[in-house]
Amino acid sequence: MKYSAREEEWAAWMRAAMAGDAQSYDRFLKAVTPYLRSIARRRCDQFGAPPSEVEDVVQEVLLAVHLKRGTWDISRPIGPWLSTIVRNKLIDSLRRRGRHVNVPIEDVMETLEVDQQDDGADRIDVDRMLEGLRDPQREIVRSISLGGAGVRETAERLNMTEGAVRVALHRALKGLAALYRSDRREDG
């Protein structure tokens, strides 16, 4: 299978980012966000989700990419990895809202080969990164991205509006990206 020059460029940026290059990570995130939004829009249409779900899915995908970037096998194309994250985050979102979702096996075949070894180091890294956020951002990220709650549920639990939760989540993601960049500078 041939992958586009665009995906090869993204993969190169992600490899550099994983090696500590914060500028490459910024380039990667800025370049893939419209692609993620496009996939999320198509997947929402495919699964009958409302268009308003797209931005929530994109924000959750960006956070998942940030937190789980180490799970991407640098020898494999990055496009399918990103598409899989979008699909999984949309399915999680729909299930939280009580929708039953059937995914054709063909859609997940290439992810079945991946060896998912989750060790405590990922959890420690996530917890350390979240400590750099202030409340309610920390609680919102924990609730939505780690706990699987929806925006509405999180807003009700924290006595906030859904819009305020979305804004806080967006700001938290920016804060996490800044923490990541500063950690990489200290390590490098």
Side-chain angles (χ1 to χ4, degrees), residues 10 13-14 17 22-23 25-69 71-72 78-79 81-103 122-123 125-184:
W10 293 346
W13 288 336
M14 181 59 111
Q23 286 182 326
Y25 191 55
D26 284 341
R27 273 188 238 120
F28 170 78
L29 291 174
K30 287 176 183 170
V32 299
T33 299
Y35 172 76
L36 297 173
R37 191 171 286 116
S38 171
I39 294 173
R41 196 172 291 121
R42 274 196 315 272
R43 291 288 188 172
C44 282
D45 288 345
Q46 177 185 4
F47 291 120
S52 61
E53 195 74 20
V54 172
E55 284 306 310
D56 290 344
V57 169
V58 170
Q59 293 299 317
E60 287 191 38
V61 169
L62 289 170
L63 183 60
V65 165
H66 180 73
L67 295 175
K68 292 295 192 173
R69 62 195 174 275
T71 66
W72 173 58
I78 200 162
W81 181 72
L82 292 169
S83 296
T84 299
I85 295 172
V86 172
R87 184 196 64 240
N88 292 344
K89 289 301 178 185
L90 176 60
I91 289 170
D92 289 348
S93 176
L94 293 174
R95 286 183 177 150
R96 280 193 303 269
R97 287 163 179 69
R99 298 248 337 249
H100 179 73
V101 179
N102 291 317
V103 179
D122 283 343
R123 173 53 63 191
D125 187 41
V126 169
D127 289 341
R128 189 178 56 74
M129 294 290 286
L130 289 179
E131 289 306 314
L133 298 175
R134 53 181 209 277
D135 279 330
Q137 292 175 342
R138 182 181 319 121
E139 266 313 300
I140 290 169
V141 171
R142 279 192 176 122
S143 178
I144 294 172
S145 299
L146 302 176
V151 171
R152 177 175 293 149
E153 178 184 343
T154 301
E156 289 171 0
R157 187 172 56 75
L158 297 176
N159 199 26
M160 297 172 69
T161 66
E162 289 180 42
V165 167
R166 284 188 181 97
V167 168
L169 179 61
H170 177 73
R171 288 179 179 160
L173 293 174
K174 287 177 72 173
L176 286 171
L179 286 171
Y180 172 75
R181 284 191 299 272
S182 70
D183 277 358
R184 289 310 211 180

Quick one: list whatever passes side chain to side chain donor-acceptor pair (under 3.5 Å) with [X], sequence neighbours left out.
| X | answer |
| --- | --- |
| R27 | none |
| E162 | R152 |
| R157 | S143 |
| S38 | R42 |

Please report the interatomic distance [atom1]([X]) to [atom2]([Y]), rounded to the nearest 0.5 Å.
| X | Y | atom1 | atom2 | answer |
| --- | --- | --- | --- | --- |
| T154 | M160 | OG1 | CE | 9.5 Å |
| T84 | N88 | OG1 | CG | 6.5 Å |
| L62 | L82 | CG | CG | 9.5 Å |
| L169 | D56 | CG | CG | 8.0 Å |

Problem set entry | R134: salt bridge (charged side-chain N to carboxylate O under 4.0 Å, His left out) partners, not counting sequence neighbours | none

Report all side-chain donor-acceptor pairs from residues 28-36 shorter than 3.5 Å, counting only partners two or more places apart or in another chain.
unit_1: T33; atom_1: OG1; unit_2: L29; atom_2: O; d: 2.6
unit_1: Y35; atom_1: OH; unit_2: S83; atom_2: OG; d: 3.4

Please find the pair of heavy atoms, one from [X] and one from [Y], that lie closest to each other, and give the distance.
| X | Y | answer |
| --- | --- | --- |
| C44 | L90 | N-CD2, 3.6 Å |
| I78 | W72 | CA-NE1, 3.6 Å |
| A64 | I85 | CB-CG2, 3.9 Å |
| V58 | R37 | CG2-CA, 3.6 Å |

Should [X] and [Y] count as side-chain neighbours, where that means a heavy-atom distance under 4.5 Å?
| X | Y | answer |
| --- | --- | --- |
| R166 | Q59 | no |
| W81 | V65 | yes |
| V61 | V57 | yes |

Exercise. Judged by atom type as modelled, is there a donor-acceptor pair below 3.5 Å linking the side chain of R43 to the main-chain atoms of R87?
Worked result: no

For this session: Output, in order, the C-alpha distance, side-chain angles, deciding distance and verdict of salt bridge (charged side-chain N to carboxylate O under 4.0 Å, His left out) for E131 and R142.
Result: CA-CA 11 Å; E131 289 306 314; R142 279 192 176 122; 3.2 Å; yes

Exercise. Just wondering, more than 12 heavy atoms not from D135 lying within 6.0 Å of its CG?
Worked result: yes

